[in-house]
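These notes are about the structure you will find just below.
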Amino acid sequence: MGEVIGASVSYDGRALIIDGQRKLLFSGSIHYPRSTPEMWPSLIGKAKEGGIDVIQTYVFWNQHEPQQGQYNFEGKNDLVRFIKEIKAQGLYATLRIGPFVEAEWTYGGLPFWLHDVPGIVYRSDNEPFKVNIGLPFWLHDVPGIVYRSDNEPFKLHMQNFTTKIVNMMKSEGLYASQGGGGPIILSQIENEYSNVEAAFHEKGPPYVTWAAQMAVNQQTGVPWVMCKQNDAPDPVINACNGRKCGETFPGPNSPNKPAIWTENWTSFFQVFGEEPSNRQIRSAEDIAYHVALFIAKKNGSYINYYMYHGGTNFGRTGASYVITSYYDQAPLDEYGLIRQPKYGHLKELHDAVKLVSETLLQGTLTNINLGQQQEAYVFTRNSGECAAFLINSDGGHDATVNFRGTSYQLPRGSISILQNCKDVIFNTAKVSTQFNTRSVVSGEKFDGASRWQTYKEDTPNFADTPSISPTLPEHMATTKDASDYLWYTFSLKHRPTNAQTVIDVFTLGHVVHAFINDVYVGNAHGSPNSKNFTLQQNIPLNNGMNNITLLSAMVGLPDSGAFLESRVTGVRAVTITGSGPGPRNLSKYPWGYQVGLLGERLQIYTNEGLSKVQWSNSLSSAPLTWYKTIFDAPQGDEPVVLNLSSMGKGEAWVNGQSIGRYWSSFYTPKGTPSQSSYHVPRSFLKPSGNLLVLMEELSGNPLNISLDTISTNKADVYTDSSGGCAAFISNMDEENEKTVYFQNVSYHLPPWSVSILPDCKNVAFNTAKVGHQTSIMEMVPEYLQASMTSPDKESKAPEWGVYVEKAGIWGEADFVKNGFVDHINTTKDTTDYLWYTTSLYVNENEEILSNINQATLVISSKGHALHAFVNQKLQGSASGNGLNSTYDFEGPILLKAGKNEIALLSMTVGLQNAGPFYEWVGAGLTSVKVKGLKNGTVDLSSNAWTYKIGLEGEHLKLYQANGLNSVKWQSTSEPPKNQPLTWYKAVVDPPSGDEPVGLDMIDMGKGLAWLNGEEIGRYWPRRSSLHEECPSECNYRGKFMPNKCSTGCGEPTQRWYHVPRSWFKPSGNILVIFEEKGGDPTKIKFSRRRTASICAHISEDYPSFDLESWNEYTDSIKKNKATLHLKCPDGTLISTIKFASFGTPTGKCGSYSKGNCHDPKSIAMVEKVCLNKKGCDIVLSKDNFNMNLCPGLMKKLDVEAAIMDDDFKSVMIDWLEDEDEVRKHIVTQEEAYINLKLRKEETDILEVLKDKPLTLICSTASFRSMKEYTVGVREILDSFYQNTYVQAAGFSKPYLPRKFRFREGNHCCRELYYFFYLHNKLNYSYRVYKEPSYFAISEGDTGYTARE
């Protein structure tokens, strides 16, 4: 980077002339005290890279001369260092001395001591002001001063300060006119004076003339400008400020002056309580359009972006209500990060303009009409070079124009720049640069109460205050900008009446707090749009004397307007009613006052001041509490922010340096803080041991404060010529959620997720936000039941048929071969099974026969599984796995003397379906050896092996109706268990209901299953390894790996095997099982898959649009209202709400739990909307929930609902007059309570209720007040049998459960009722009679529940 070379600077009617050459310059405002010296090189470097030629800054008087004659040019105030950094990077500088700057800076930059200068009037033809101006507050104290008018006191001080700054720049050789190559090419005096000039009447114009002459007399050698001052006297240049100077600027007031734009607002400042709006947010396209228009239409040659980097209002520097973040939407954001596409699009504009700049600066301008709202501005040089700006000012329609015989497409509201009047090198509406998003990465949480210490600010009373005023003192004149705070104290003798005592405090300040006898009673605050407000509060007073203490607070001083020195703020009137007859006006009596807080005066936010007060380890949320803690700096170099959304209002310091005021409790109309994240510059931090101090004025929760970092990510944006736009914004962080900012709007992105914005505004979908409900499914088991067509129909359990296969060769051998054949090539996929058999002769004298040692069978195979039999007995099994089908088997075997038959059943478990050359992938045995014999290891691999393909039962088709009688089945009610190579058959009825059915094979080994001849498939409830990594919850974020999320460690890979309902007949279903290894067929069950609970989760920022109707939405109604949807499966309804929490619940479906933030009316709200419905929609709105709960936190709603059969409810309604009775008492399908008011003589409804899992009890019982305890089985049964007649339908004796839980209610039935319990799993039905009270039985978690 080369330094600027010194040159003369002048101007003509076209441009600034530097070293004899006209310059077309792009400038960017960067205010040195709104960043840090450590940030300056990066900010200036990025500006240069973005095509900026000039850095423009105000000079802030009250920063440099806070007390008259006491100057500060250190740290952030080191103006010389800042200008030298501009020079070092080869850029020019514009110095806007003012010294009134406005700039949303407290008191417009004026020092408050000016206020006390006798006779002063700010910014008028007023000598005190003119001699000394950002304005330090001491100006307020200059007697007679009138700011910015023809007022001698003001002019005196204004001139003094201007001269000091100019001389400082000269002494360092920083003006371009000096020989040292200074960068300053332009200076500004005053600022937007025309806004107030009329208020000063005849004193205004002389002040303008004086200010201009005073500036020119400084002999800087560079031009001076006055912005927004169309009557700027020669030779001062009048400049434009605003968004649309190409339309609004009347032009230079002399043909010899260039058109200069000193403030092209890239966004706008924001105030507390205000949402970012169109005035804060400005698109790259709009900025580029008006820059191009200013150049083309106004011959503009100097354009400054205000701001190019806004920065931070550290400390108390912000003006009234202005938030701490300043112009964050600028091309460089608050933290100095590049904001795309604004930065990149303007860079492309600068590059395009500079390509044709010589033609623009030297050529002749002509204007050509191209249509009703289309025109061309053409610049032509004598040499024939030409450049053109084609303008379509129609903001609603694209246009096609013909220019010099060529057709050009102009998007709506756009300008195309043509090099050589032919080639389009830039269009303001066509953004080709990469978009980006900004995200907040959650960091350290300050959530440990033990890490905080507190100090409670004392409340002064009238007797303690050091100063007394005969009436209420004016706030600003009293504090002199030394503090935001002013205490007012009063001593009141109370005379009780029957009326409520009320205090009314009328104030022109920003915030007021009230204390009565040191007790906090309330507060109130104003807003940027109100000049005053009143605190009206009921107060408790003691008989006799009472202390009334008021704390007035300002959130910055006013920064603009005429007669700033005469502004009045603070408490102006105090009235008490209910203390004596009539209202008592306390304003006219003496008041004590005290400036500032004790903690401020002692500077307890610094390491040196910490020990001056006694800190407590007790965490308090009381108003006026100081908090302190220690933290380490985050790793990396990303910008650091403090998330203070959980706090109220106050100021924060890091290592003694103020990061600014915060006011999180002043919500915008949308119910969120205007600012949550507060910049902590890296230069403020040490690697560890950083001191954080907060002065909390209201009440906050420091445990929710976090230290976060800021990062940027690219966004994929798609646009078309019609203005359509779609965007994909992503968070590639696998662990941390982020809040990202895209197109000036914040979006919440979970880890590893993408949000889709069809209109570049509204999120229609996020990949990680599952808005659809989830379900808890359960498999409801039913033991196999004998078919009603079976001979054993009187028995509950089915009769089994059993047939055992022979191990080895059945029938004739298929072939004999020395050595092994490939399994797959041999079976040709006609079966899974291939028998390999051979024999081994063992001598009688082998030691293994004595059972001292055993022989060992060693087998190697290409896959997939094997059962080894010796002499018809299973010796062991082995298998490969899904990743590697090969395996080795080694196990002891029992041999006998003589010939031993070795039969090895090789199995494939499906064939390979992909991969290179998989036609060559084989299976089957590769080696068989026997170890442990006297002669050593015997290798049987090359023996003669006899082969048989498949099983006998397969060959005979025992699983089909026409093959069942091919063998003699052994009939038994107690089938053999753990027996290999066994076929089982049973005739069964289908399970009840219509839910999907699975065959539960958990107690079987491995084999095949059929129903009515249809093959259910292979079963193999093989348990997975306990040593695999099985997380409690799967995390699929990040790079894909096949084994990234293993589940079910130690559990069967598959337990239930689907049996389609269509395969069942009403009765007489033939179930056939072939078991290879051995299992227990009596434990085989049909299980019905049903939904037990449904869950849904939604947070405030979840997209809830109907995507099918997206294009029907208009911008005015396309407002996301996060909505939770629940929908029951067909034939069911919501019976109870098992969990509901709006706030910060945690967990997942089935294991939700409440967080620290919880709306207590959550369950009642959800029950009201959803109970006994087939589905429901719950909007996250203030009508349904407390949306102000836990400010600053993203709140969500988690719901789990149990469901029950809809026809169960229908049966109940048939027997009740009022459906509300049903709603009142239905709990869950398994435990549903209702009173059927049936007389004993009425129709038996057992058949009506058949197969409905149900418990019926007295509806008058108050179940919520019941006490529960466990008693012995005998006690219950004794009572049960003595007072109750029990009939088990279809059985001769009642079913006796092992355990009851007994509940005693405080109500009983006064009539005779029938109560029914139908146990759906075991098909037992009970009819229970009892008078005068009752029993009823229902399924419980640990047995059965009896209620009385």
Side-chain angles (χ1 to χ4, degrees), residues 32-40 60 62-64 66-67 70-78 81 106 311-318 324-326 334-335 443-444 446 451-457 479 481-485 553 555-556 595-616 624-634 639-644 647 649-663 677-697 700 702 705-708:
Y32 55 96
R34 280 179 161 138
S35 55
T36 66
E38 292 77 10
M39 295 172 65
W40 295 342
F60 298 86
N62 56 10
Q63 283 292 100
H64 296 301
Q67 300 298 324
Q70 298 177 14
Y71 295 98
N72 179 2
F73 289 95
E74 303 296 325
K76 297 191 302 292
N77 299 328
D78 194 341
R81 178 178 173 181
T106 188
T312 306
N313 291 317
F314 296 112
R316 299 186 302 106
T317 57
T324 302
S325 176
Y326 189 65
E334 178 183 4
Y335 317 107
E444 180 181 2
F446 295 85
R451 67 182 299 178
W452 288 98
Q453 288 187 303
T454 62
Y455 166 70
K456 179 69 171 64
E457 186 79 25
T479 63
D481 198 28
S483 171
D484 284 349
Y485 303 104
V555 187
V595 175
L597 306 176
L598 178 61
E600 286 182 301
R601 293 202 303 275
L602 299 178
Q603 297 185 348
I604 64 174
Y605 47 81
T606 65
N607 282 310
E608 297 77 13
L610 283 176
S611 61
K612 296 179 180 179
V613 297
Q614 184 67 43
W615 294 87
S616 169
L624 297 181
T625 297
W626 294 79
Y627 298 90
K628 78 176 180 74
T629 189
I630 302 295
F631 67 95
D632 294 341
V640 178
V641 295
L642 204 59
N643 185 338
L644 297 176
M647 300 304 288
K649 177 185 180 295
E651 189 172 352
W653 292 262
V654 173
N655 293 327
Q657 301 196 68
S658 175
I659 63 171
R661 302 182 181 98
Y662 65 86
W663 198 353
S677 298
Y678 291 80
H679 184 205
V680 183
R682 284 274 180 182
S683 60
F684 285 15
L685 298 174
K686 304 178 293 185
S688 61
N690 296 281
L691 173 66
L692 170 63
V693 177
L694 304 172
M695 195 289 117
E696 173 55 49
E697 199 178 303
I705 294 173
S706 63
L707 191 70
D708 304 330

Could you check N690 against L692 for side chain to side chain contact (heavy atoms under 4.5 Å, CB included), going step by step and ending with a plain yes or no?
CA-CA 6 Å; N690 296 281; L692 170 63; over 6 Å; no
Give, for atom [atom1] of [X] and atom [atom2] of [Y], the distance between the pair rounded to the nearest 0.5 Å.
X: L624; Y: L598; atom1: CG; atom2: CG; answer: 11.5 Å
X: F446; Y: L642; atom1: CZ; atom2: CG; answer: 6.0 Å
X: Y627; Y: W615; atom1: OH; atom2: CH2; answer: 11.0 Å
X: Y32; Y: N77; atom1: OH; atom2: CG; answer: 6.5 Å
X: L602; Y: L610; atom1: CG; atom2: CG; answer: 11.0 Å
X: T312; Y: R34; atom1: OG1; atom2: CZ; answer: 9.5 Å

Looking only at heavy atoms, what is the nearest atom pair of [X] and [Y], with distance?
X: G656; Y: T606; result: CA-CG2, 4.1 Å
X: P37; Y: G75; result: CG-O, 3.4 Å
X: K628; Y: V693; result: CB-CG2, 4.0 Å
X: Q63; Y: T317; result: OE1-CG2, 3.8 Å

Set out, in order, the CA-CA distance, both residues' side-chain angles and the distance that settles side chain to side chain contact (heavy atoms under 4.5 Å, CB included) for M695 and W653, then state yes or no.
CA-CA 9 Å; M695 195 289 117; W653 292 262; 3.8 Å; yes
Distance-only side-chain donor-acceptor flag, Y485 / E600, under 3.5 Å:
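The answer is no; no qualifying pair exists.
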Consider only side-chain N and O atoms of E334 and Y678, and report whether a donor and an acceptor are under 3.5 Å apart.
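Absent: no donor and acceptor within the cut-off.
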So if I apply the side chain to side chain contact (heavy atoms under 4.5 Å, CB included) rule between V680 and each of N655, L685, V641, which one comes out positive?
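Single side chain to side chain contact (heavy atoms under 4.5 Å, CB included) partner of V680 among N655, L685, V641: L685.
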Sole candidate of P681, S35, S325, S677 that passes side chain to side chain contact (heavy atoms under 4.5 Å, CB included) when paired with Y335:
S677
Does the gap between the ring centers of F314 and F684 come in under 6.0 Å?
yes
Going by side chain to side chain donor-acceptor pair (under 3.5 Å), R661 matches just one of N313, D484, T324. Which one?
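Single pass found, and it is D484.
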Among E696, K649, E651, which residue satisfies the side chain to side chain donor-acceptor pair (under 3.5 Å) criterion with Y662?
E696
Just do the side chain to side chain contact (heavy atoms under 4.5 Å, CB included) check on I705 and M647 with the steps written out, would you?
CA-CA 8 Å; I705 294 173; M647 300 304 288; 3.8 Å; yes
